[in-house]
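To start, the structure itself, in structure tokens.
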Amino acid sequence: MANPLLKELIAPTFFIALSVWVWVHAGGMPAGEGGAPGPAFFPRLIAAAIGLLGFFLLITALRAPKTEAEKSAPGGAAKIIAFLAMLTAYAALLLPLGFILSTFMFLLAAAQWMRRRGVVANIVFSAAATAAVYAIFGLLLKVSLPILPFGM
Amino acid sequence: MIEAITAAIQPQTLILMMLGLVGGVIAGALPGLTATMSVALLVPFTFALDPLPGLIMLLGIYIGTMHGGAISAVLINTPGTPAAAATCFDGYALAKQGKASLALNVSTLSGAVGGIFSVFVLMAVAEQVAGMALKIGYFEMFAIALFGLSIITSVSEGSTAKGLIMGALGMLISAVGFDPIDAFPRFTFGNADLYEGISYIPLLIGVFAIAEALEQVGAKLQKTEVKEKIRNIFPSRREIVRILPAVGIGSIIGTIMGAVPGAGGDIAAFMAYDQTKKVSREPEKFGKGAIEGVAAAECANNAVTGGAMIPMLTLGIPGDSVTAVLLGALMVHGIRPGPRLFEENAALVAALFAGLLIANLAALPVCLLGAPLFARAITIPRHFLWPLVTVLCVVGSFSMTNSLFSVGIMLAAGGFGFLLKTQKYPMGPLVLGVILGPIAEENLRNAMLASRGNFLEIFRSPVAVVFLLLTAASLLLPAFQEWKKSRNNRNSQPDHLE
């Protein structure tokens with residue numbers, strides 16, 4: 001089980017690092033003219049705020065009493081990563097395979113993976129949902145969708 | 001006025017209005033389809049129609065999307081439109097308690113009241129209100145944006161510092177792209193897709209919908225049961241009395257913010273939510289299923305519809321992005337908005353007002369009758385619902401720019417948002433920061449340019465001073481309340497310790 005303190009420290013550390021990077025990167029932007037702040041002004045102001053708040057959260061996390069880690073669902077992290085990978089693959093295949101095929105395949109794969117029972121119901125749902133989304137977006141609202149593979 | 005109503009209720013006009021209304025509710029309920037997009041998609045279809053029915057149909061879509069946004073906000077914690085983001089806080093909490101129908105009906109009733117109120121204000125004070133809105137300069141807009149940012153402290157659940165850092169992160173995200181004054185590319189790394197900045201619609205979809213979908217997928221698969229029978233659950237008399245202050249606040253704030261060019265339904269909804277929470281006798285219930293929270297947010301975002309028409313019709317300045325599209329639609333039909341519109345096309349203007357009123361009234365039966373049907377969506381099995389939601393997110397984001405870049409932004413925001421959510425970082429302030437950051441920056445820098453770097457000029461504007469004082473109160477009040485609470489706790493401690 002991951003150390004809860006370590007998990008609490010990651011985000012503030014990230015924010016502090018982000019604020020330093022933004023401050024340094026904004027230094028290369030031109031200065032303002034005529035009394036008005038230049039392009040670097042706002043990013044640096046925000047970076048300073050993020051840095052201070054990040055530091056505050058870091059100190060707060062270090063000083064907080066130790067707590068037990070919250071119990072999460074078994075295999076939760078693996079499920080999330082797998083689903084995100086499927087979703088990314090769906091987005092990547094949207095243009096090569098076209099909307100209809102890629103959407104049907106994604107819905108079927110996701111439904112089947114999340115609940116292995118009821119293959120027929122999953123197929124029927126995937127087909128119906130794909131058709132409904134196409135009808136609403138592609139036909140009714142005339143959203144430009146890559147219907148066929150490879151832009152055919 | 002009789003002639004105007006007669007023109008607005010011609011059969012063809014009514015049919016087109018209802019089609020627009022129903023289509024707008026459906027579009028508004030789907031994450032990714034915004035009111036702006038829905039209206040813009042239908043504009044070419046109206047070219048073949050006469051101006052009045054075409055414009056009233058577009059108004060029907062506008063109002064429908066404002067109502068529809070609440071449906072997904074309540075049922076799946078995903079705002080269907082950016083204006084419904086504040087509705088998620090209490091709407092989804094109510095749905096989890098089995099009160100989805102109640103939440104939807106409260107949002108419909110409040111939204112209708114807000115919309116109708118704003119139409120009456122539009123009719124009564126169009127020219128005068130637009131004249132006041134025109135006097136708002138850079139310092140005033142900066143002060144309004146600052147006030148909007150200060151309400152981050154109210155919409156942050158839990159740690160205020162976490163809320164503030166998310167708000168600041170939102171402002172940083174909004175800084176990506178061409179600088180609004182000097183057009184200097186910031187944080188673009190030579191990527192042309194980033195020159196226009198990070199579109200906040202895919203970002204919004206990512207941090208709300210994708211992050212929620214990942215959370216749902218990672219949780220134990222449980223059948224969602226709705227303990228209450230899905231039926232028309234209207235608020236009781238007691239509940240109606242409870243939401244009256246929220247409806248009053250939402251109507252006024254929404255109408256005013258709609259009339260301020262650049263401010264939109266999302267800002268109005270957050271402001272109304274914040275103010276309602278502040279005056280509530282039970283502020284701790286907000287975020288946990290307070291119907292006042294739903295009422296305030298939905299009333300305000302619907303009240304924006306009439307308010308946004310004020311500067312658009314009288315001055316030719318859009319009140320929000322939807323009215324910017326409507327402005328284009330009017331000009332395509334040969335009608336030029338501005339002060340002369342009321343002289344040259346008085347009948348058309350009156351008919352538009354009547355059409356707007358009728359559309360707001362018609363939204364009531366459409367949404368109330370459809371509420372039980374929409375609420376049943378929550379019983380859809382999760383292995384069907386969440387993959388379908390993510391498909392809608394991908395399609396909606398793709399349709400923004402017809403490129404996968406927006407989809408990439410959405411996925412990245414979703415993953416990042418999910419990780420932060422596990423550490424109790426709230427997403428609402430991020431959205432506020434993204435929306436208000438550019439407004440604050442552009443107006444401050446323009447103001448400093450106009451005043452030759454003299455920031456103290458801001459104190460010469462009464463409007464700006466008022467909003468600065470409200471900002472200070474908004475930031476200091478929670479701290480004062482916290483101090484008072486800890487003092488009371490200390491005073492109630494026993495004198496000796498065992």
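Chain naming here is simple, since letters A, B, ... match the order of the sequence lines and numbering starts at 1 in each. The figures that follow rest on heavy atoms only: side chains count, while hydrogens, waters and symmetry mates do not.
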Check your understanding: With distance as the sole test, does R186(B) use its side chain to make a donor-acceptor pair with the main-chain N or O of A175(B) at under 3.5 Å?
Key -> yes
Point to revise | Side chain, backbone, both or neither of A440(B) within contact of chain A (heavy atoms, under 4.5 Å) | key: both
Check your understanding: Would I165(B) and Y425(B) count as a side-chain contact (heavy atoms from CB on, under 4.5 Å) if you check the C-alpha gap in whole Å, the side-chain angles of each, and the deciding distance to 0.1 Å?
Key -> CA-CA 9 Å; I165(B) 209 170; Y425(B) 284 82; 3.8 Å; yes
Point to revise | M86(A) atom CE, over 12 foreign heavy atoms within 6.0 Å | key: yes
Review point. What part of F416(B) is in contact with chain A, defined as an atom under 4.5 angstrom from a non-hydrogen atom: side chain, backbone, both or neither?
Key: side chain
Practice item. Test Y138(B) against L449(B) for side-chain contact (heavy atoms from CB on, under 4.5 Å), laying out the working first. Key: CA-CA 10 Å; Y138(B) 296 129; L449(B) 201 60; over 6 Å; no
Exercise for review: Please look at L57(A) and chain B and tell me whether the side chain, the backbone, both or neither of the residue comes under 4.5 angstrom of a heavy atom of that chain.
Suggested key: side chain
Revision key, fill the gap. In terms of heavy-atom pairs under 4.5 Å with chain A, the winner among T390(B), V407(B), D182(B), N446(B) is T390(B)
Point to revise | Among A111(A), P39(A), A110(A), residue most engaged with chain B (heavy-atom pairs, under 4.5 Å) | key: P39(A)
Exercise for review: Look at the aromatic rings of F99(A) and Y134(A) and report parallel, tilted or perpendicular, splitting at 30° and 60°.
Suggested key: tilted
**Study point:** Distance-minimising heavy-atom pair for P202(B) and S406(B)
**Key:** CB-O, 3.5 Å
Exercise for review: Name the region of F455(B), side chain, backbone, both or neither, that has any atom closer than 4.5 Å to a heavy atom of chain A.
Suggested key: neither
Practice item. With a 4.5 angstrom heavy-atom cut-off, could you sort out which part of I181(B) is near chain A: side chain, backbone, both or neither? Key: neither
Check your understanding: Is it the side chain or the backbone of L419(B) that comes within 4.5 Å of chain A heavy atoms, both, or neither?
Key -> neither
Exercise for review: Considering only heavy atoms and a distance below 4.5 Å, find which of P43(A), S126(A), A11(A) pairs most often with chain B.
Suggested key: P43(A)
Exercise for review: Look at T88(A), T103(A), L87(A) and state which one has the largest set of heavy-atom pairs under 4.5 Å with chain B.
Suggested key: L87(A)
Check your understanding: At a heavy-atom separation under 4.5 Å, does L18(A) approach chain B through its side chain, its backbone, both, or neither?
Key -> side chain
**Study point:** chain B contact via L94(A) - side chain, backbone, both or neither, heavy atoms under 4.5 Å
**Key:** side chain
Point to revise | Close side-chain approach of K79(A) to W113(A), heavy-atom, < 4.5 Å | key: yes
Exercise for review: Flag the one option from A121(A), A129(A), G38(A) with the top tally of heavy-atom pairs under 4.5 Å to chain B.
Suggested key: G38(A)
Point to revise | Criterion side-chain contact (heavy atoms from CB on, under 4.5 Å) on S451(B) and F139(B), from CA distance to verdict | key: CA-CA 10 Å; S451(B) 66; F139(B) 271 131; 3.9 Å; yes
Point to revise | Donor-acceptor contact below 3.5 Å, side chain K162(B) vs main chain Q423(B) | key: yes
Practice item. Could you have a look at T60(A), I10(A), V22(A) and say which one has the most heavy-atom pairs with chain B under 4.5 angstrom? Key: V22(A)
Review point. Are N122(A) and F384(B) close enough that some pair of their side-chain heavy atoms sits under 4.5 Å apart?
Key: yes
**Study point:** Engaged part of V391(B) at the chain A interface, taking heavy atoms whose separation is under 4.5 Å
**Key:** both
